[in-house]
Structures are given as C-alpha cells and as structure tokens.
Amino acid sequence: QVQLVESGGGLVQAGGSLRLSCAASGRTFSSYALGWFRQAPGKEREFVAGIRWSGRAYVADSMKGRFTISRDNAENTVYLQMNSLKPDDTAVYYCAAVSLAGRVEIPVAPEKYDYWGQGTQVTVSS
C-alpha cells in the first residue's frame with residue numbers, strides 16, 4: 001500500500017521560510033515523479049513543483065526563485081524548500097506521486113497523479 005506522509009507545515013510570518021517533507025513508502029518510486037500541490041480555501045488545487053527520480057525538477061513559474069524541490073532517493077523523501085513566503089502562499093500543501101510511464105514532462109494536472117498524501121497546512125501571516 002502506497003503511503004505519502006507530509007510534514008513540516010505550520011505558521012510563519014511573511015518573509016520567512018519553511019521546509020516541507022514527504023516520505024513515500026509502499027513501492028519502488030524510481031519510475032515515478034513526486035510533486036507538490038497546494039490548495040487554498042475556495043480555490044482549485046494548484047501545481048507547485050515536481051521532480052523525477054533523476055533529480056530533474058520543474059517549479060511552477062509563479063514560484064520560481066522562492067521555492068525549491070529536492071529528492072532523497074535513498075530515503076524515498078521529497079522536500080519543498082519555501083523561502084520569502086507571502087500570505088498568498090497560505091494553503092494546504094499536498095504531496096503526490098505519478099507514474100511517468102515513459103513520459104518526459106512532469107504532469108502539472110492533479111488528475112494525472114496516482115497517489116496523494118493527506119496534506120499539511122501552511123499559514124503565512126502578514
């Protein structure tokens with residue numbers, strides 16, 4: 001059974017930083033991309049960043065320069081480093097996994113993803 005468990009969320013002031021972690025278990029993830037999404041109240045789930053087993057990563061344009069995704073394959077863990085946080089970054093952040101099945105591009109549509117974590121709340125105060 002695949003499990004994705006997020007941690008590291010919390011309350012932070014604007015301009016601060018947080019690092020989210022997602023521990024994956026239950027299968028071999030070498031053919032999977034791991035990604036982060038977020039969902040604010042009343043808004044659709046939004047792609048944040050994704051990373052392949054090789055380490056090739058993609059960060060959504062609106063977050064480039066502030067957010068960084070990384071992956072520890074030995075620990076089956078993916079990280080999201082978030083710097084210069086803004087109140088608009090307040091959301092529940094979800095970890096997700098998708099089988100790439102030969103695809104080159106990391107999917108950005110949430111419906112493409114096969115597995116999801118339970119989410120971790122990030123609140124940025126002004």
Side-chain angles (χ1 to χ4, degrees):
Q1 183 179 356
V2 173
Q3 278 195 314
L4 302 175
V5 180
E6 302 98 334
S7 61
L11 174 64
V12 64
Q13 288 189 330
S17 298
L18 280 175
R19 189 176 83 154
L20 305 183
S21 300
C22 171
S25 62
R27 68 164 301 126
T28 301
F29 289 92
S30 58
S31 61
Y32 280 69
L34 295 178
W36 288 97
F37 288 77
R38 68 184 186 183
Q39 189 166 20
K43 294 188 177 181
E44 294 186 350
R45 194 164 294 193
E46 175 186 28
F47 176 83
V48 174
I51 189 166
R52 299 173 64 102
W53 179 266
S54 63
R56 181 172 179 176
Y58 173 64
V59 178
D61 288 344
S62 60
M63 293 160 234
K64 281 180 181 175
R66 297 192 301 124
F67 290 9
T68 303
I69 187 170
S70 60
R71 181 170 179 165
D72 183 337
N73 291 334
E75 297 294 329
N76 268 348
T77 301
V78 62
Y79 303 97
L80 183 69
Q81 178 67 43
M82 305 185 293
N83 298 328
S84 302
L85 283 162
K86 307 173 183 178
D88 285 348
D89 294 318
T90 295
V92 178
Y93 283 71
Y94 296 92
C95 178
V98 58
S99 173
L100 292 174
R103 287 177 289 189
V104 175
E105 299 288 334
I106 296 174
V108 299
E111 59 267 24
K112 299 289 187 183
Y113 282 71
D114 303 300
Y115 304 104
W116 291 86
Q118 80 289 349
T120 185
Q121 177 70 47
V122 171
T123 303
V124 184
S125 63
S126 56

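What you see is a predicted model; the values in this text were computed from it and never measured. What you see below is based on every heavy atom in this structure, not just the backbone, and it leaves out hydrogens, waters and symmetry mates.
Across every non-hydrogen atom of A97 and L34, the tightest pair is CB-CD2, 3.5 Å. Nearest heavy atoms, S126 versus P87: CB-CG, 3.9 Å. The shortest non-hydrogen separation linking Y32 to R71 is O-NH1, 3.0 Å. Nearest heavy-atom pair, R27 versus N76, reported as atom, atom and distance to 0.1 Å: O-ND2, 4.0 Å. Minimum interatomic distance between G9 and V122 (heavy atoms only, all atoms of both residues): CA-CG2, 4.1 Å. Here the closest non-hydrogen pair linking A40 and A91 is N-CB, 3.8 Å.
Proximity of a side-chain donor or acceptor of R66 to a complementary backbone N or O of S84 within less than 3.5 Å is detected. Looking at D89, its side chain never comes within 3.5 Å of a backbone N or O of V124 through a donor-acceptor pair. Using a distance-only test at 3.5 Å, with no hydrogens or angles considered, no donor-acceptor pair links the side chain of E6 to the main chain of C22.
Atoms CZ and CZ, from R45 and R38 in turn, are 13.0 Å apart once rounded to the nearest 0.5 Å.
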Q.
For a side-chain contact (heavy atoms from CB on, under 4.5 Å) check, start with the C-alpha distance between Q13 and L85, then their side-chain angles and the critical distance, and finish with the verdict.
A. CA-CA 8 Å; Q13 288 189 330; L85 283 162; over 6 Å; no
Q: In sequence, state the C-alpha distance, the side-chain angles, and the governing distance for L100 and S31, and then conclude on side-chain contact (heavy atoms from CB on, under 4.5 Å).
A: CA-CA 6 Å; L100 292 174; S31 61; 6.0 Å; no
Q: Would you please test I51 and Y58 for side-chain contact (heavy atoms from CB on, under 4.5 Å) and show each step?
A: CA-CA 6 Å; I51 189 166; Y58 173 64; over 6 Å; no
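Counting heavy atoms from C-beta on, the side chains of I69 and V78 come closer than 4.5 Å. Contact check for T68 versus Y79: no side-chain heavy atoms found under the 4.5 Å cut-off. Side chains of S17 and Q81 form a contact here, defined as non-hydrogen atoms less than 4.5 Å apart. Taking 4.5 Å as the limit, every side-chain heavy atom of N83 sits out of range of all side-chain heavy atoms of F67. Between Q121 and T90 there is a side-chain heavy-atom pair separated by less than 4.5 Å. With a 4.5 Å cut-off on side-chain heavy atoms, V2 and F29 count as touching. Side-chain contact between V48 and V59: absent, with no pair of heavy atoms (C-beta onward) separated by less than 4.5 Å. Contact check for L80 versus Y93: side-chain heavy atoms found under the 4.5 Å cut-off.
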Only pairs under 3.5 Å count here: list side-chain donor-acceptor contacts from residues 104-114, not counting sequence neighbours, and write none if there are none.
{"from": "Y113", "atom 1": "OH", "to": "P107", "atom 2": "O", "distance (Å)": "2.6"}
{"from": "D114", "atom 1": "OD2", "to": "S99", "atom 2": "N", "distance (Å)": "2.8"}

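For K64, the NZ atom sits in a packed shell: over 12 heavy atoms of surrounding residues, nucleotides or ligands are nearer than 6.0 Å.
The ring of W116 has its center closer than 6.0 angstrom to the ring center of F37.
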